[in-house]
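Written out below as structure tokens is the structure these notes cover.
To find a chain, count down the sequence lines: A is the first, B the second, and so on, and within it residues start at 1. Given the structure is predicted, the values throughout are model-derived calculations rather than measurements.
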Amino acid sequence: MRIQEHPILSFPRGRKVKFTFNGQELEGYEGEPIAAALHAAGVRVLRYSPNLHRPRGFYCAIGNCSSCLMTVDGEPNVRVCIAELQEGMAVEIQKGKGELYANS
Amino acid sequence: MQTHEIAVIGAGPAGLSAAIAAAEFGARVTLIERNNKIGGQLIKQTHAFFGSEKQYASHRGIDIPPLLYQKLEDKSNVQILLETKVQGFYPDDGVLGLENKEAFFPLQAERIIVATGASEKTLAFVNNDLPGIYGAGAVQTLMNVHGVIPGKRVLMIGSGNIGLIVSYQLLQAGVQVASIIEAAPCIGGYLVHAAKLRRMGIPIRTSHTILSAQGAKEVERATICGLDESWKPVPGTEQEMDVDTICISVGLSPLAEILWQMGCEMKYVPALGGHVPVRDKQMQTSVAGVYVAGDVASVEEASSAMMEGRIAGLAAAESLGYGSEQLNVEKKDALEQLHSLRSGPVGEKIRSGMHNLMQEA
């Protein structure tokens with residue numbers, strides 16, 4: 001959910017763009033982290049861990065911890081807590097370690 | 001390869017202050033920042049700072065980066081590299097490896113000031129990897145920078161200043177805080193922050209810890225329990241809480257990989273956040289020409305990070321021949337301010353940590 005009113009802050013947002021999450025069309029704001037757009041749309045499970053296949057979300061939100069790795073436009077291991085959302089991106093839940101150039 | 005005079009790694013409060021101080025006395029500074037904007041973690045701090053005027057007290061953290069940037073933007077001897085990550089240090093050539101938009105390039109500098117900050121610690125409990133469990137700083141970033149709330153109802157683990165401040169900020173954003181729990185028998189942060197939360201009816205349970213999180217794919221509940229004097233769970237005190245988010249605020253550890261790589265002598269000092277670099281009063285590490293400032297040197301407040309940055313920047317400039325009477329006056333002043341920030345009862349932990357660190361330095 002997005003904050004509409006805040007006692008201290010205002011949130012200047014980029015233009016609205018469409019992207020897909022596992023094939024499903026969602027909306028977010030251009031330039032915000034992919035994880036923020038997903039979270040605002042109610043998506044918190046971002047990947048499944050390589051060995052025990054446990055669901056994972058983000059943890060640090062500033063690109064330190066690698067908990068939020070997803071596949072974006074076919075590229076695995078993208079830290080979506082800092083990667084910026086662009087129009088038409090295909091964002092997918094990553095299972096395991098991800099495969100480089102799986103879609104090429 | 002062009003040799004730079006001073007490379008500063010990280011443009012948070014420490015790195016910005018170091019760059020400003022060195023540039024003021026004529027040194028040529030290259031400031032390297034991995035994000036697309038300067039300010040480090042100040043950009044999510046909506047609370048007003050304590051301290052004195054020189055330490056930007058009474059300003060909100062979010063308002064400080066523009067003030068610092070004003071002191072840099074008109075200086076021709078400062079170059080700022082944004083979206084640039086330091087990937088490593090090559091000791092044979094004394095070269096830093098940098099990456100910008102997937103291009104890799106080397107950078108050599110006569111002095112390096114490392115101001116890389118810290119990362120959030122986590123905590124061991126059952127299901128601590130479920131989505132919906134976030135670092136307190138992560139929640140701050142999500143809410144205060146990106147305007148998205150983490151959930152509807154939050155359990156906060158840890159009552160240090162970050163735990164208390166983020167709890168208040170959650171309430172400001174319209175999120176419920178079910179409780180703040182603290183393993184120690186007393187509240188860790190400043191009383192003024194804790195009192196504000198108590199007045200708003202938020203329970204702060206000391207001598208409590210989290211046993212587990214539950215939920216099919218995301219956090220749906222948490223189980224907490226009481227602790228006895230030896231920090232052992234007390235049977236029969238388990239309580240289930242309906243929360244969709246758990247916030248972990250149990251401290252930070254220095255982001256010191258680059259210092260290890262450079263071969264800086266490190267020492268484990270829990271009171272300072274973990275493994276920290278051994279350094280002298282001028283913030284120079286055991287490797288000549290490598291300085292540190294801010295949370296990577298010892299986990300403290302932004303105000304002390306700015307003072308350490310200033311000291312490191314001045315010392316590095318001085319060592320390159322930019323010394324003057326005025327520089328000495330400024331450095332002495334910064335050292336005194338740092339000392340005063342660590343005085344009083346709230347600075348006791350840092351003082352004992354520093355005593356431990358400096359003894360063998």
Side-chain angles (χ1 to χ4, degrees), chain A residues 1-14 26-70 75 78-85 93-94, chain B residues 12 34-36 40-41 43-48 60 62-63 83 85 116-122 127-152 168-175 215-219 244-245 248 252-253 255 257:
Chain A
M1 269 205 326
R2 294 192 186 268
I3 301 172
Q4 302 304 337
E5 271 179 61
H6 194 282
I8 296 163
L9 298 165
S10 59
F11 302 101
R13 287 171 173 138
L26 295 178
E27 271 187 346
Y29 293 99
E30 187 174 50
E32 72 180 343
I34 296 169
L38 287 173
H39 207 292
V43 177
R44 302 208 293 182
V45 179
L46 307 179
R47 69 167 175 129
Y48 286 87
S49 65
N51 297 322
L52 300 174
H53 315 293
R54 291 174 63 86
R56 292 276 166 81
F58 66 80
Y59 183 73
C60 79
I62 53 171
N64 285 339
C65 77
S66 295
S67 179
C68 67
L69 304 179
M70 295 184 85
E75 185 188 336
V78 174
R79 293 173 296 173
V80 294
C81 73
I82 50 168
E84 295 179 0
L85 183 69
I93 282 196
Q94 182 170 321
Chain B
R34 68 177 176 178
N35 284 317
N36 57 8
Q41 303 314 311
I43 63 166
K44 62 191 185 192
Q45 313 292 342
T46 51
H47 65 287
R60 297 185 194 278
I62 47 171
D63 297 329
E83 290 181 82
K85 300 174 200 91
T116 44
S119 67
E120 291 194 273
K121 286 180 182 166
T122 183
N127 293 330
N128 71 349
D129 60 344
L130 271 185
I133 301 175
Y134 306 127
V139 162
Q140 228 180 359
T141 302
L142 187 72
M143 284 194 306
N144 296 351
V145 182
H146 306 303
V148 175
I149 56 169
K152 292 194 175 76
Y168 187 72
Q169 292 172 357
L170 281 160
L171 297 170
Q172 284 182 316
V175 180
K217 279 189 171 179
E218 302 176 23
V219 173
D244 60 6
T245 304
I248 313 283
L252 302 165
S253 55
L255 267 176
E257 287 85 350

Original post:
Which atoms of A/Glu84 come close to chain B, meaning under 4.5 Å heavy atom to heavy atom: side chain ones, backbone ones, both, or neither?
Top reply: side chain
**OP:** Go through the atoms of B/Ile149 and report whether side chain, backbone, both or neither lie under 4.5 Å from a heavy atom of chain A.
**Re:** both
Subject >> Contact listing (chain B partner; residues 6-14 of chain A; heavy atom under 4.5 Å) >> reply: A/His6, A/Pro7, A/Ile8, A/Leu9, A/Phe11, A/Arg13
**OP:** Start with the C-alpha distance between A/Arg79 and A/Leu69, add both sets of side-chain angles, then the distance that settles side chain to side chain contact (heavy atoms under 4.5 Å, CB included), and finish with yes or no.
**Re:** CA-CA 5 Å; A/Arg79 293 173 296 173; A/Leu69 304 179; 3.7 Å; yes
**OP:** Check each atom of B/Lys121 against the heavy atoms of chain A and say whether the ones under 4.5 Å are side chain, backbone, both or neither.
**Re:** backbone
Subject >> Most contacts with chain B, counted as non-hydrogen pairs under 4.5 angstrom, among A/Arg44, A/Glu32, A/Arg54, A/Arg2 >> reply: A/Arg44
**OP:** Answer whether the closest heavy-atom distance between the side chains of B/Leu252 and B/Gln41 falls below 4.5 Å.
**Re:** no
Subject >> Residues in side-chain contact (heavy atoms from CB on, under 4.5 Å) contact with A/Pro33, at least two apart in sequence or another chain >> reply: A/Ala36, B/His146
**OP:** Go through the atoms of B/Asp244 and report whether side chain, backbone, both or neither lie under 4.5 Å from a heavy atom of chain A.
**Re:** both
Original post:
Quick one: are B/Asn36 and B/Glu83 in side-chain contact, heavy atoms under 4.5 Å?
Top reply: yes
Original post:
A/Val80 versus A/Phe58: any side-chain heavy-atom pair under 4.5 Å?
Top reply: no
Original post:
Can you check whether B/Val175 reaches B/Pro150 side chain to side chain, under 4.5 Å on heavy atoms?
Top reply: yes
**OP:** Can you tell me which residue pairs pass the side-chain hydrogen bond (donor to acceptor under 3.5 Å, both in side chains) test with a partner in residues 55-65 of chain A, sequence neighbours excluded?
**Re:** A/Arg56-B/Asp129, A/Asn64-B/Arg34
Original post:
About how many Å separate CG of A/Leu85 and OH of A/Tyr29, when rounded to the nearest 0.5 Å?
Top reply: 11.5 Å
Subject >> Contact origin within B/Thr141 toward chain A - heavy atom pairs under 4.5 Å >> reply: side chain
Original post:
Going by heavy atoms in the side chains, are B/Gln140 and B/Gln45 under 4.5 Å from each other?
Top reply: yes
Atom pairs and distances, side-chain donor-acceptor, residues 132-139 of chain B, under 3.5 Å, sequence neighbours left out:
from: B/Tyr134; atom 1: OH; to: A/His39; atom 2: NE2; distance (Å): 3.1

Subject >> Options A/Ala61, A/Ala35, A/Pro55, ranked by heavy-atom pairs under 4.5 Å with chain B, top entry >> reply: A/Pro55
Subject >> Per-residue contact mode, B/Asn127 against chain A (heavy atom under 4.5 angstrom) >> reply: both
